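Below is one structure, written out as structure tokens, with a few remarks after it.
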Amino acid sequence: MTLNIFVQHFVNALSLGSLYGLISIGYTMVYGILRLINFAHGDIFMLGAYFVFFATIVYKLNWILGVIIAIAATTICGLLVDRIAYRPLRQAPRISALISAIGVSFFIENFAVVVFTGMPRPVVQPKILMKPIILPNKVRLIPLGILVPVVAFILVAALLWLLYKTKPGLAMRAISFDIETTRMLGVDVNKIIALAFGLGSALAAVAGILWALRYPRVEPFMGMTPGIKAFIAAVFGGIGSIPGAMIGGIILGFVEIMSVAFFPNLSGYKDAFAFFLLIVILLFKPTGILGSKIEDKI
Amino acid sequence: MLKINDLNIFYGAIHAVRNVSLEIQQGDIVTLIGANGAGKSSVIRSIMGLVKINSGEIIYTPKNGKPVNISNMPVENRVKSGIALSPEGRRILPQLTVEENLKLGAYIRNDVSGILSDIDYVYTLFPRLKERRKQKGSTLSGGEQQMLALGRALMSRPDLLMLDEPSLGLAPILVDEVFEIIREINSQGKTILLVEQNAWAALKIAKRAYVLETGSINISGTGQELLNDPKIRAAYLGG
Ligand SMILES: Nc1ncnc2c1ncn2[C@@H]1O[C@H](COP(=O)(O)OP(=O)(O)O)[C@@H](O)[C@H]1O
Ligand SMILES: [Mg+2]
């Protein structure tokens with residue numbers, strides 16, 4: 001393996017892992033607060049990809065505007081999912097919300113088939129993101145490959161700042177330990193939960209946009225596999241932990257890319273690695289890398 | 001300041017609070033005593049809005065305001081109108097620091113400098129908390145957690161401070177300290193509703209007292225009257 005090829009794989013793994021990480025933050029935040037696996041989250045990611053496709057390719061807006069619109073529209077969809085499908089079930093047994101989540105996921109996927117058609121559509125990549133940069137030793141890098149992890153790290157840093165330095169962030173951390181106590185101190189918990197859904201959806205939108213640029217196409221079921229893998233990344237990193245989600249995503253990205261790079265024969269099993277990782281972590285450290293034991297409430 | 005009329009609370013088939021009426025005058029310490037399971041927490045939690053009531057009225061008169069029936073008011077609005085609760089079991093947020101717990105108590109406020117000076121006020125009431133300001137809530141002892149729960153409830157600058165069993169699980173010397181501080185907070189103008197199983201200590205500082213037995217109030221009077229009542233002495237004060 002030449003240095004060039006290794007660097008390519010490395011950047012690839014980092015990009016893919018950052019995308020898993022961005023998606024998995026949405027899972028981990030919602031799970032941390034509501035103990036709910038938001039099955040619709042992968043579909044929210046898909047909507048982000050479609051929105052940017054429509055904004056920039058169908059309606060020919062410039063990319064910056066298209067990205068802003070796509071993030072905003074996706075965030076609104078995420079908020080609507082919470083408002084319509086989960087909030088009415090807040091007092092219901094947890095299994096009800098879980099079933100509702102599966103229902104929402106099917107609904108969004110099939111709605112997308114009807115509205116967007118089931119056909120995959122190609123995304124035209126902006127040239128500036130694809131023009132290789134040549135480094136010494138013939139190492140070639142595509143700007144997009146660097147953009148993805150950089151964007152991901154900036155967003156995670158911003159999110160951590162929000163969680164640890166602002167008042168809504170304090171409320172969000174409090175809620176994930178004890179909703180009722182947080183409520184009795186005067187926090188409108190539905191607002192804070194909505195904030196978690198909104199932030200998670202915005203990050204998923206960014207991931208969807210970058211994914212659409214990378215692969216470069218969109219289709220209604222594109223959220224399923226990345227969604228499941230990102231969920232695994234969240235469990236792997238320790239569900240409820242935001243740095244954990246990011247680390248879990250990046251590890252998963254490296255496992256997938258590097259195993260295929262070093263053992264090309266295994267490429268057929270690429271999607272199985274994530275599940276293998278899940279089984280291993282559940283057997284040996286069910287709380288994940290950074291997870292703390294979630295105490296049962298009294 | 002607060003008047004409850006014919007309150008009933010059910011949990012499924014359990015009739016936990018039966019036709020309870022009580023009244024709290026501005027500036028008083030009022031205590032609600034009773035055995036474990038009598039329904040004390042249910043009453044206090046319904047005032048905060050944490051349990052649904054099945055019938056009855058909870059009339060609250062905010063400072064400089066008109067009486068309103070708050071039975072359907074969202075919890076955060078009750079906090080804004082001056083009600084605060086230090087809950088049974090303290091409910092300190094374990095992963096937040098002492099200072100973050102206090103800041104969360106001030107969530108409805110936006111006056112940054114006022115919040116900081118109130119945090120200092122809590123630290124003068126409870127110097128132990130100042131030493132531990134950067135520590136996680138989970139690392140505090142039971143007594144320190146109780147002090148933090150009290151301090152946190154003060155941070156919204158309530159007019160009506162409700163305390164659910166603040167002496168529960170504390171060493172006797174700490175119990176005295178906690179009751180002393182309750183008296184001090186009251187002397188600075190806060191109205192207090194004190195729920196206790198430690199009837200003797202509660203009656204000693206209470207202006208008015210209500211005794212809850214399996215969901216009903218059958219006895220009430222001044223703290224002094226109940227301390228001298230032979231039935232109360234037999235049932236709650238150990239003879
Ligand atoms: N969330 C609940 N669900 C069902 N029963 C409850 C609940 N909370 C309290 N109870 C029941 O209501 C009664 C009164 O409880 P509570 O108000 O906690 O009493 P106290 O605070 O005086 O010990 C008890 O019989 C208790 O078991
Ligand atoms: Mg109780």
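Note on naming: letters A, B, ... go to the chains in the order of the sequence lines (proteins, then strands), and numbering restarts at 1 for each one. In this text the structure is predicted, and so the values were computed from the model without any measurement.
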Is the shortest distance from a Lys or Arg side-chain nitrogen in B:Lys3 or B:Glu57 to a carboxylate oxygen in the other one below 4.0 Å?
-> no

Ion pair present between B:Glu88 and B:Lys40, side-chain N to carboxylate O less than 4.0 angstrom?
-> no

Considering only heavy atoms, which portion of B:Arg109 lies under 4.5 Å from any heavy atom of chain A: side chain, backbone, both, or neither?
-> backbone

Got a sec: does the CZ of A:Phe111 have more than 12 other heavy atoms crowding it under 6.0 Å?
-> no

Chain A heavy atoms under 4.5 Å from B:Arg78: which part of the residue, side chain, backbone, both or neither?
-> neither

Using non-hydrogen atoms only, which part of B:Leu104 is less than 4.5 Å away from chain A: side chain, backbone, both, or neither?
-> both

Parallel, tilted or perpendicular, as decided by the 30° and 60° cut-offs, for the rings of A:Tyr20 and A:Trp211 = tilted

